[in-house]
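Presented below is the structure to which this report refers.
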Amino acid sequence: MSVSTYVFTTSDGEEIPVHVAARRGIRNITLRPKVGATREIHISKPWLVRDAAALRFLELKRRWVEGVFGRAPVRERVRPGMCLEIFGRIVAIEHDASQHSNTYSPDGLHLIIGGGADMFERRLRDVIKKEFVSEAKKMIHTCPRELWPRRIAVKDTTSRWGSCSSTGTISFSWRLAFAPPDVMRYVVMHEMAHRRHMDHSPEFWATVSELYGFGVERAKRWLNVHGGELHKFL
Ligand SMILES: [Zn+2]
């Protein structure tokens with residue numbers, strides 16, 4: 001396999017590296033835009049197809065490719081000293097390699113991540129995930145006991161913020177930690193309402209309102225408008 005690298009410039013001026021790889025045994029050109037921590041485009045082409053043809057193919061698919069990158073925000077690295085909004089609080093994230101554990105300052109305004117610098121973001125993500133589960137549990141415990149799930153799972157999905165299985169597991173995207181607490185509470189109550197109705201019937205929405213109170217539409221709108229921003233960090 002041989003790989004050549006080019007640059008794709010979006011109409012917004014973002015420059016995205018393009019890796020073109022020739023492979024034996026394939027018949028078509030395939031495009032894979034990669035979004036996330038590194039943004040790049042991978043093209044596989046049959047051995048005998050020229051790079052120029054592969055790049056022309058990319059140009060033909062420009063609208064689709066730009067759409068994929070446009071919907072995914074540029075991932076920003078979290079560095080010590082930055083502030084993040086977590087569960088509606090502004091928290092300064094710090095790093096102390098001499099410390100083994102991760103700790104909040106007593107006032108909760110600083111979160112000090114221990115361990116090596118290479119583990120910084122991963123440990124921060126783990127702290128937030130753990131805190132997410134305990135915040136979600138607090139919200140769940142405000143609901144009638146018969147609705148409590150058997151199990152809570154955290155995921156990192158781009159397509160949905162929560163889900164409820166017929167076996168009684170409720171799953172959430174831990175990234176709701178970056179949303180206003182009332183928006184997270186809406187998603188929790190939405191999934192709790194599925195414990196009673198496994199559909200989106202009027203009876204289901206009545207249960208959501210009963211559990212959440214006033215403002216369901218506002219929370220839904222917030223997620224539609226700002227949901228993508230929850231993928232900016234980590
Ligand atoms: Zn639903």
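Whatever order the structure lists them in is the order used to number ligands and atoms, beginning at 1.
Looking at D182 and R185, a side-chain N of the basic residue comes within less than 4.0 Å of a carboxylate O on the acidic one, giving a salt bridge.
Enclosure of atom NZ in K220 by more than 12 non-hydrogen atoms of other residues, nucleotides or ligands within 6.0 angstrom is indicated. Annotation for R62: atom CZ counts as buried by contact number, over 12 foreign heavy atoms lying within 6.0 Å. Residue-environment remark: CZ (R218) stays at or below the threshold of 12 foreign heavy atoms within 6.0 Å.
Closest N/O/S atom of H190 to the Zn ion (ligand 1): NE2. The closest approach of H200 to the Zn ion (ligand 1), by N/O/S atoms, is made by NE2. The N, O or S atom of H194 with the smallest distance to the Zn ion (ligand 1) is NE2.
The Zn ion (ligand 1) has no N, O or S atom of C164 inside 2.8 Å of it.
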